Amino acid sequence: MALEPVISAIKSVSQKTQLLQIHAHIIRTNLIQYPPVSIQFLSRIALSGPLQDANYSHRFFEQFTHPLVSHYNTMIRACSMSDSPRKGLLLYRDMRRRDIAADPVSASFAVKSCIRLLYFLGGVQVHCNILKDGHQWDTLLLTVVMDLYSQCQRGGDACKVFDEMPQRDTVAWNVMISCCVRNNRTRDALSLFDDMQRSNDKCEPDDVTFLLLLQACAHLNALEFGERIHGYIMERGYGVALNLSNALISMYSRCGCLDKAYEMFKRTGNKCVVSWSAMISGLAMNGYGREAIETFEEMLRIGIQPDDQTFTSVLSACSHSGMVDEGMSVFDRMNREFGITPNVRHYGCMVDLLGRVGLLDKAYQVIMSMVVKPDSTIWRTLLGACRIHGHVTLGEQVIGHLIELKAQEAGDYVLLLNIYSSAGHWEKVAEVRKLMKDKAIQTTPGCSTIELKGVVHEFVVDDISHSKNRLIYEKLDEINHQLRIAGYVVELSSELHKMDDKEKGYVLSHHSEKLAVAFGVLATPPGTTLRVASNVRICIDCHNFLKLFSGVYNRDVFLRDHNRFHHFKGGHCSCSDYWPELVWILNESTKNQKLVQWPYYSNIYISPILHYNGDIFGDFYQNLSLV
């Protein structure tokens, strides 16, 4: 019996009624038992656009008394791309229990189902089956397994798979670089690119490689490496790619090179909303709030419709620059003029904006009026504002909300410690420290990086790991001496542990930002601009230190902490000292008012990578065996 006319009809059918007629025909003529026909029909109803019907495909699949691996592959693939990836895992399990030998395609889509669910244990079981089935030489399959481990925050396991791959292609290298970026191992991501170029695999980087590396450079403040990647992009003919142009705008902005970011922005043809949003965000994080608003208005004038990310960038510009009225106006226009419902990030910007200027009650009202449930980031933003303004009672309430969400982190307790210690409530400080000790809560140490000649150097407080450790501390002592002559006084309020002033001064003198700058002075000619990135908010003492340093040593310093940029030049900072909130406190010893600057700690604007453990999906996953 000729099968080609039937297969051709299945491929060309465009109406559901026609499809049903073909279904009736292949049942009546028993063509359904011929794999070429049944597989083609199943693919149309399981995978193909307008005719796709999950329930129909499952009913059709159940008609097979002896389904083949190709039938299972089609169904597992369809499930892995649908809203029901767990059905794909059940099909994979059923196939194995029926002793139908899985091929690399089966395993690949089973792993992709695990990725969709971030189901680590299921992925491990599939990986074991891959090894048992002898498919450990399949590069494409192992690349998918690497992606699973990467998505589940198992960077070490991804590295093992990568190292054991017999032959790596560009996709495998990209997944490994992506794994490093996703797991905050951005230095390793840059090293991997060098390894890729030296390897015997003879793999050429593609646009995805460059996109990932630009993200890593932006995170590390690695301008030199980013410029090198820019050169590769131009050499390999990717210069007209809009996504790479947008990534370059973002990278230069986050490295403090607004002139190059703007130059890239001007050269970008057919700018889209992402291009404009990247430029607005760059202006915002570098302290040019007014210019960010003007860029937004220019974008509207030429007819580009803003999206939710655009408004996040504009509102953050208002927050960084203290433009309360402008921020309230933009927030109101979002829904009224553009029909965009504010999301959690937009509310976070508003809470940050109001909290910075001391309108804590209004910030609290904004949270309580949210149309979506406030997340932990919103509450942490308000907690940071409580820290600025010493609002102990509200700070305790916020911690209560975080506990309700089961989302309290080490940083939350640190902020509460800061609030209590600022108010002199040392008994409560001791209680919180005991709680942290009992719960084994570990804080993230401050870490600063500086890039010199394409190499990223990393420092933590009191760091002694660097090969030039002795020379760095000698240089830092020299810098401290010169700055004290120029009037520098350690801001002891930046150290909130209960210790004497001498101990506080010693601890503050060895912060990671200062060590990075001392190394920069040691390793570069006079007048060289220094670029430092920090994973925490810069403290007020380091802020004062770097302002004075930039004037005394005639060096520009670009420092990006986890929230914004500070450009120190000639004894001044681009933040215009708006960032360190100014509060008046009463000096009890002299009964005089004293102006003290308190740093602000917040972690909004950057969307965290959500990591779900397998057990949140309930007993189904705990009981599901894929063997």
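Predicted model, so just to flag it, every value in this text is computed and none were measured.
For Phe61 and Phe41, the gap between ring centers reaches or exceeds 6.0 Å. Trp276 and Phe296 have their aromatic ring centers separated by at least 6.0 angstrom. Taking the six-membered ring wherever Trp is involved, the centroid distance between the rings of Tyr262 and Tyr252 does not fall below 6.0 Å. Ring centroid separation for the pair Phe162 and Trp173 comes in under the 6.0 Å cut-off. Aromatic ring centres of Phe331 and Tyr347: separated by under 6.0 Å. Here Phe109 and Tyr92 keep their ring centres 6.0 angstrom or further from each other.
Without hydrogens or angle criteria, His401 side chain to Val398 main chain gives no donor-acceptor distance under 3.5 Å. A distance-only check finds a donor-acceptor pair linking the side chain of Arg116 to the backbone of Ser82 [under 3.5 Å]. In this structure, the side chain of Thr170 engages the main chain of Glu204 through a donor-acceptor pair within 3.5 Å. Under the 3.5 Å distance criterion, the side-chain polar atoms of Asn246 are matched with a main-chain donor or acceptor of Leu242. Judged by distance alone, with hydrogens and angles left aside, the side-chain atoms of Gln40 form no donor-acceptor pair with the main-chain N or O of Ile7 at under 3.5 Å. Of the possible donor and acceptor atoms, none in the side chain of Ser277 sits under 3.5 Å from a partner among the backbone N and O of Val274. Proximity of a side-chain donor or acceptor of Asn183 to a complementary backbone N or O of Arg185 within less than 3.5 Å is not detected.
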- Item | salt bridge (Lys or Arg N to Asp or Glu O under 4.0 Å) between Arg333 and Glu297, intermediate numbers included | CA-CA 12 Å; Arg333 292 172 64 190; Glu297 297 297 342; 3.1 Å; yes
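In summary, Asp133 and Arg96 engage in a salt bridge, as defined by a charged side-chain N under 4.0 Å from a carboxylate O. Salt-bridge annotation for Arg236 and Asp207: absent, with no side-chain N of the basic residue lying under 4.0 Å from a carboxylate O of the acidic one.
Within a 6.0 Å radius of CG in Asn200, no more than 12 heavy atoms belonging to other residues, nucleotides or ligands are found. Within 6.0 Å of CG on Asn270 lie no more than 12 heavy atoms contributed by other residues, nucleotides or ligands.
The line from CG of Leu315 to CD1 of Ile280 is 11.0 Å long, rounded to the nearest 0.5 Å. With rounding to the nearest 0.5 Å, the separation of CG in Asp103 from NE2 in His135 is 6.5 Å.
The aromatic rings of Phe210 and Tyr232 lie parallel to each other, their planes meeting at an angle below 30°, with 60° marking the opposite boundary.
Inspection of the Tyr72 and Asp94 side chains reveals an N or O donor paired with an N or O acceptor under 3.5 Å. For the 3.5 Å distance criterion, the side chains of Thr310 and Asp307 qualify, holding a donor opposite an acceptor. Arg380 and Ser376 share a side-chain donor-acceptor pair at under 3.5 Å.
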